[in-house]
Trainee: 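Dropping a structure here in structure tokens format, bear with me for questions.
Chain naming here is simple, since letters A, B, ... match the order of the sequence lines and numbering starts at 1 in each. Bear in mind that the values here come from a model prediction, so they are computed numbers and not experimental data.
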Protein chains: 2
Amino acid sequence: MNFTAKKIAVLLRQRGYKLTPQRRVILDAIADGHDHLTPAAIYEKVKREHSNIGLVTIYRTIGLLTELGLICEVHSGGNCRSYLLRRPSEHHHHLICSDCGTVVDFTSCDLSEVEQKLSDDTGFDINGHLLEFLGRCRSCQTTTP
Amino acid sequence: MNFTAKKIAVLLRQRGYKLTPQRRVILDAIADGHDHLTPAAIYEKVKREHSNIGLVTIYRTIGLLTELGLICEVHSGGNCRSYLLRRPSEHHHHLICSDCGTVVDFTSCDLSEVEQKLSDDTGFDINGHLLEFLGRCRSCQTTTP
DNA sequence: TTGTAAATGAAAATGATTATCATCTAGCAG
DNA sequence: CTGCTAGATGATAATCATTTTCATTTACAA
């Protein structure tokens, strides 16, 4: 278990949740690569090390981690969700390749002005936003013109 | 059928699609309110006037209208999608109340600079984006503090 | 009016997600 | 170290959204 996963383990316990081996492997699986993973993909990855884990546990753990703000959802504009480890304190957004699914994080967007203006105009109490760019990454552009 | 729906009908025919009564009522249902509607909600609304319409037809029509760029998806950060009529030429985003589900459109956000910078940095060919703000609308703030 | 490609509706298939419940276990008290 | 208990797990089934299939129907151009 790497450093990040260890910190998360501490956080779990602080909030009264138990650190089970299942949660550990799921955490590792998500923390491992920089890909975004669907619940099913996490399941496949995790089954290699922990062959009798249930898909249900994946969902429960994802739910828990999302609730704790430790991972974040990617929408990809399509049907189903996938998840990425969120490096704490880095507020970021996603740039997604519609061909190969690569997700690039970026932080260079300050929406606070827009948020303030919207809040003033509409009276909304704004507490979050979702920003994703869609396109084709460099390598997909060259392989299939 | 109102003006907007009529224009859409013309557009459909221009592209070789037929204008069926089912499509007409679905268009009306979406064009009617300013709410975002899930496929199931559209189905319920449409069944009043066209009792034997199938849910499948809703899905097919939604798919078609999305493909033509006439309606747009709202993600609401959660599970399932819903749809809004897109007033042509108004590129806009959504501000969503997490309590009552009200959707407010806004246009006052220019992301072209960010898009250009991202494109330069990453080599992506960017062709779209998704921006949604989440919060609580004024009335939900007063009703449940 | 007629022919035909496109559209429809019913039913079933698929896929993702959630609920249920009996069993098991992490972590704490003793 | 050991036994206790709230919380966690896995198997199964249920639910819900969406898609596929296919025989029948229909819009609309000729």
Trainee: Starting from C1' on C/dA26, measure out to CG on A/L64 and report it in whole angstrom.
Mentor: 15 Å
Trainee: Between atom CG in A/N52 and atom P in C/dT23, what is the gap in whole Å?
Mentor: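 That distance rounds to 17 Å.
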Trainee: Of the nucleotides C/dT17, D/dT26, C/dG9, which one has an atom closest to the side chain of B/K18?
Mentor: D/dT26
Trainee: Give a yes/no on whether any side-chain N or O of A/Y59 is located under 4.0 angstrom from OP1 or OP2 of C/dT18.
Mentor: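 No, outside the criterion.
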Trainee: So, OP1 or OP2 of D/dA8: does either fall under 4.0 Å of a side-chain N or O from A/T20?
Mentor: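 Negative; the distance criterion is not met.
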Trainee: Closer than 4.0 angstrom, basic N to acidic O: yes or no for A/D28 and A/R24?
Mentor: no
Trainee: Tell me if a side-chain donor or acceptor on A/T122 pairs with a main-chain N or O of A/L118 at a distance below 3.5 Å.
Mentor: yes
Trainee: When you measure from the side-chain N and O atoms of B/R23 to the phosphate of C/dT8, is any distance below 4.0 Å, counting only OP1 and OP2?
Mentor: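 For C/dT8, OP1 or OP2 has a side-chain N or O of B/R23 closer than 4.0 Å.
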Trainee: Separation of A/Y43 atom OH from D/dT9 atom C1', in whole Å?
Mentor: 13 Å
Trainee: Quickly work out the A/I53 CD1 to D/dT12 C1' distance and round it to whole Å.
Mentor: 17 Å
Trainee: Heavy atoms only, 4.0 Å cut-off, all strands: where does B/R13 land among base, sugar-phosphate and nothing?
Mentor: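 The residue B/R13 makes sugar-phosphate contact but no base contact.
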Trainee: Donor-acceptor pair, B/R23 side chain versus B/K18 backbone, under 3.5 Å?
Mentor: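 Looks like yes, one N/O pair under 3.5 Å.
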Trainee: Find the distance B/I62:CD1 to D/dT18:C1' and express it as a whole number of Å.
Mentor: 10 Å
Trainee: Applying side chain to side chain donor-acceptor pair (under 3.5 Å), name anything that partners A/Q116, two or more places apart in sequence or on another chain.
Mentor: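 Expected list: A/D120.
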Trainee: Could you tell me whether the side chain of B/E49 and the main chain of B/V25 form a donor-acceptor pair under 3.5 Å?
Mentor: no
Trainee: Take the protein atom CG of B/L65 and the nucleotide atom P of C/dA7, then report the distance between them rounded to whole Å.
Mentor: 12 Å
Trainee: For the side chain of B/V56, starting at C-beta, report the closest nucleotide among C/dA10, C/dA26, C/dT17.
Mentor: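 Minimum distance to the B/V56 side chain belongs to C/dA10.
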Trainee: State whether A/Q22 places a side-chain N or O below 4.0 Å from either non-bridging phosphate oxygen (OP1 or OP2) of D/dG10.
Mentor: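 The answer is yes; a side-chain N or O of A/Q22 sits under 4.0 Å from OP1 or OP2.
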Trainee: Could you tell me the separation between the CD1 atom of A/I58 and the C1' atom of C/dA19, rounded to a whole number of Å?
Mentor: 18 Å
Trainee: Hey, which sits more toward the 5' end of DNA chain C by its nearest nucleotide, A/L55 or B/R60?
Mentor: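 Whichever sits nearer the 5' end wins; that is B/R60.
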Trainee: Rounded to whole angstrom units, what separation is found between the CG atom of A/L12 and the C1' atom of C/dG27?
Mentor: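 Those two atoms, CG and C1', are 14 Å apart.
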